[in-house]
Amino acid sequence: MRVALLIGTLTELDTCHALYANALTAAGHEVWFGSVNRLSSYDAEVRASACRVESVLQAHAPVPGRPVPRGLADMDAVWVLNYPQPSVQTEAWQLLWRLNRQVPFVNDVTGILMLGNKTNLPAIVDPQHLPHTVITSSYAELSTICGTDTDATWLVKPTDDDAGADVYVLEPGSTNNQVLLQSMTGNAAVTELLTKGSLAGFRGRYCALQQFVPHAEEKRVIIAAGRPVAQQAHHLAPGEHRGNTAHRARCAETELTADEHELCTRIGARLREHGIRFAGIDLAYPYVFEFNVVNPGGLDERIDLLGLDDITGDVAQALLADTVAARSTARP
């Protein structure tokens, strides 16, 4: 098959980019890297600045070769592995949506856009497996909720950031709580006061206020073609409430319990119904905290941090088979 991997920049591959490309080329596929930030439209044709993979790739190195504009309609599958930059994201997603109508994507564009952050978790995960969560851009609404139960501990976090960025614990009685709620909703009221009528424009932004669930361990579960295929434990670092390896969480080998496996299988099937065939789920059973549908880490951690067998080739083959089969089934 001819496969396009769309990433942010061709000047530096991350560990997952190199891992997937090497697995696909080893299996005999023709692999191209393209920049999701350098898409273009020539009449009806969607193009990317792209390079063909001709050798084994190294993480943190550039894609070898000189990128050239290339049409993508002849691809058998496209795999989006990074989000476009904010300054070009609207047009990039529109071009990708158009291309997705011609070429099967490992993760469909509509699924990525609708399920790629924390806003729509309830569309996939049953309510008993989600902490109580309020998503709003209103500081007044959040302040009222926190003021109603003064003994409760909450998390406040962005709806669409990764790697534990700006995830804060609101402790009962802390004088920081109101400041953090104002900041996370864009400091809209303060800005309006200072500019005498919001001359700086609308500043509100969404965030998630979530019931704090104390835990010392999370599990990252990799979903491929609707089923769990790998997992590892993330033991939280001392003094941390975030389970990201970027914040010193320690990876360890683990297994899923029967209940966890059943939950992840159910979530995987629902994601697949929405065109999401590859995802990473973060959970501390019975709760699911989020899932990542664009380039989730996990398969790389198995190899680099745990020394486990490399299953990337089998996972990639299953993903491509499911992607192409789903498009064939959908055609009249």
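Each residue takes its place number in the sequence, starting with 1.
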- Message: The criterion is ring pair (Phe, Tyr, Trp, His ring centres under 6.0 Å); which residues satisfy it with H215, sequence neighbours excluded?
- Response: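 Per chain and number, H215 pairs via ring pair (Phe, Tyr, Trp, His ring centres under 6.0 Å) with F289.
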
- Query: With sequence neighbours excluded, what pairs up with H235 under the ring pair (Phe, Tyr, Trp, His ring centres under 6.0 Å) test?
  - Reply: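 Not a single residue meets the ring pair (Phe, Tyr, Trp, His ring centres under 6.0 Å) criterion with H235.
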
- Task: Could you check R98, R47, Q94 and say which one makes a side chain to side chain donor-acceptor pair (under 3.5 Å) with S41?
- Result: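 Between S41 and the candidates, side chain to side chain donor-acceptor pair (under 3.5 Å) is satisfied uniquely by R98.
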
- Message: What verdict does the side chain to side chain contact (heavy atoms under 4.5 Å, CB included) test give for V88 and V36, after you've listed the backbone C-alpha separation in whole Å, the side-chain angles of each residue and the deciding distance to 0.1 Å?
- Response: CA-CA 9 Å; V88 297; V36 76; over 6 Å; no

- Before giving the answer on side chain to side chain contact (heavy atoms under 4.5 Å, CB included), spell out for L181 and L209 the whole-Å C-alpha distance, their side-chain angles and the decisive distance to 0.1 Å. CA-CA 9 Å; L181 292 178; L209 181 70; 4.3 Å; yes

- Any Lys/Arg nitrogen of D76 or R2 sitting under 4.0 Å from an Asp/Glu carboxylate oxygen of the other?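 Salt bridge absent between D76 and R2.
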
Output the distance between atom [atom1] ([X]) and atom [atom2] ([Y]), rounded to the nearest 0.5 Å.
X	Y	atom1	atom2	value
S87	N37	OG	CG	7.5 Å
R220	L283	CZ	CG	10.0 Å
I135	L121	CD1	CG	7.0 Å
I124	M114	CD1	CE	12.0 Å

Minimum heavy-atom distance [X]-[Y], with the two atoms named:
X	Y	result
G297	C16	CA-SG, 4.2 Å
A23	T312	CB-CG2, 3.8 Å
L57	A21	CD1-CB, 3.7 Å
P104	T323	CB-CG2, 3.7 Å
D108	I276	O-CD1, 4.2 Å
V167	R242	CB-CD, 4.1 Å

- Task: Name all pairs fulfilling the ring-ring contact (aromatic ring centres under 6.0 Å, His included) condition that reach into residues 52-83, sequence neighbours left out, sorted by first residue then second.
- Result: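 Counting only pairs at least two positions apart or across chains, the ring-ring contact (aromatic ring centres under 6.0 Å, His included) contacts touching residues 52-83 are Y20-W79, W79-F278.
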
- Item | Pairs touching residues 26-57 that satisfy ring-ring contact (aromatic ring centres under 6.0 Å, His included), sequence neighbours left out |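 Residue pairs passing ring-ring contact (aromatic ring centres under 6.0 Å, His included), neighbours aside: none found.
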
- Item | Min side-chain heavy-atom separation Q210-H132 under 4.5 Å |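 The answer is no; the side chains never approach within 4.5 Å.
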
- Can you check whether L5 reaches L24 side chain to side chain, under 4.5 Å on heavy atoms?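 Yes, at least one pair of side-chain atoms sits under 4.5 Å.
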
- Query: If you link I, L, V, M, F, W and Y whenever their side-chain heavy atoms are under 4.5 Å apart, who else ends up in the same group as V56?
  - Reply: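 None, because no other hydrophobic side chain comes under 4.5 Å of this residue.
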
- Would you say the side-chain atoms of Q211 and T133 include a donor-acceptor pair closer than 3.5 Å?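 No - no donor-acceptor pair under 3.5 Å links their side chains.
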
- Message: Which residue is it: V221, V125, I223? I am looking for the one with a side-chain contact (heavy atoms from CB on, under 4.5 Å) to F291.
- Response: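 By the side-chain contact (heavy atoms from CB on, under 4.5 Å) criterion, F291 pairs with just one of V221, V125, I223: V125.
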
- Test log, rule side-chain hydrogen bond (donor to acceptor under 3.5 Å, both in side chains), inputs D14 and N82: CA-CA 10 Å; D14 75 16; N82 284 123; 5.0 Å; no

- Message: Is it the case that over 12 heavy atoms from other parts of the model lie below 6.0 angstrom from the CD atom of E253?
- Response: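 Open: at most 12 neighbouring heavy atoms sit under 6.0 Å from CD of E253.
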
- Around atom CD of E217, are there more than 12 heavy atoms of other residues, nucleotides or ligands at under 6.0 Å?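 Atom CD in E217 is packed in, count exceeds 12.
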
- Item | Non-neighbouring partners of R250 that pass salt bridge (Lys or Arg N to Asp or Glu O under 4.0 Å), sequence neighbours left out |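 Applying salt bridge (Lys or Arg N to Asp or Glu O under 4.0 Å) to R250 gives none.
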
- Item | By salt bridge (Lys or Arg N to Asp or Glu O under 4.0 Å) - contacts of E260 (at least two apart) |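 E260 satisfies salt bridge (Lys or Arg N to Asp or Glu O under 4.0 Å) with K219 only.
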
Check whether [X] reaches the backbone of [Y] with its side chain - one donor and one acceptor, N or O, closer than 3.5 Å.
X	Y	result
Q232	G298	yes
D322	A325	no
S35	S49	no

- Message: Give me each pair satisfying side-chain hydrogen bond (donor to acceptor under 3.5 Å, both in side chains) with a member in residues 109-131, each pair once, sequence neighbours excluded.
- Response: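 Output for this query lists N117-T119, D126-R266, D126-R270.
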
Determine all donor-acceptor pairs shorter than 3.5 Å in which one atom belongs to a side chain in residues 145-152; sequence neighbours excluded.
unit_1	atom_1	unit_2	atom_2	d
T148	OG1	T144	O	2.7
D149	OD1	D151	N	3.3

- Mind running side-chain hydrogen bond (donor to acceptor under 3.5 Å, both in side chains) on S138 and T136 for me, showing each step along the way? CA-CA 6 Å; S138 168; T136 181; 4.7 Å; no

- Query: With S40, which residues qualify under side chain to side chain donor-acceptor pair (under 3.5 Å), at least two apart?
  - Reply: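 For S40 there are no side chain to side chain donor-acceptor pair (under 3.5 Å) partners, ignoring immediate neighbours.
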
- Query: Do the side chains of L130 and L155 join up, straight or via other hydrophobic residues, at under 4.5 Å, putting them in one cluster?
  - Reply: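 No, it is not one cluster - the side chains of L130 and L155 are not joined through contacts under 4.5 Å.
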
- Any pair with a residue in residues 300-319 that passes salt bridge (charged side-chain N to carboxylate O under 4.0 Å, His left out), sequence neighbours left out, goes on the list, sorted by first then second residue, please.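 Salt bridge (charged side-chain N to carboxylate O under 4.0 Å, His left out) check on residues 300-319 returns no pairs.
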
- Message: Would N295 and N292 count as a side chain to side chain contact (heavy atoms under 4.5 Å, CB included) here? Give the steps.
- Response: CA-CA 7 Å; N295 202 24; N292 185 327; 5.6 Å; no

Name each donor-acceptor pair under 3.5 Å that joins a side chain in residues 169-177 to protein atoms two or more places apart or in another chain, with its distance.
unit_1	atom_1	unit_2	atom_2	d
S174	OG	N176	N	3.1
N177	ND2	E171	O	2.7

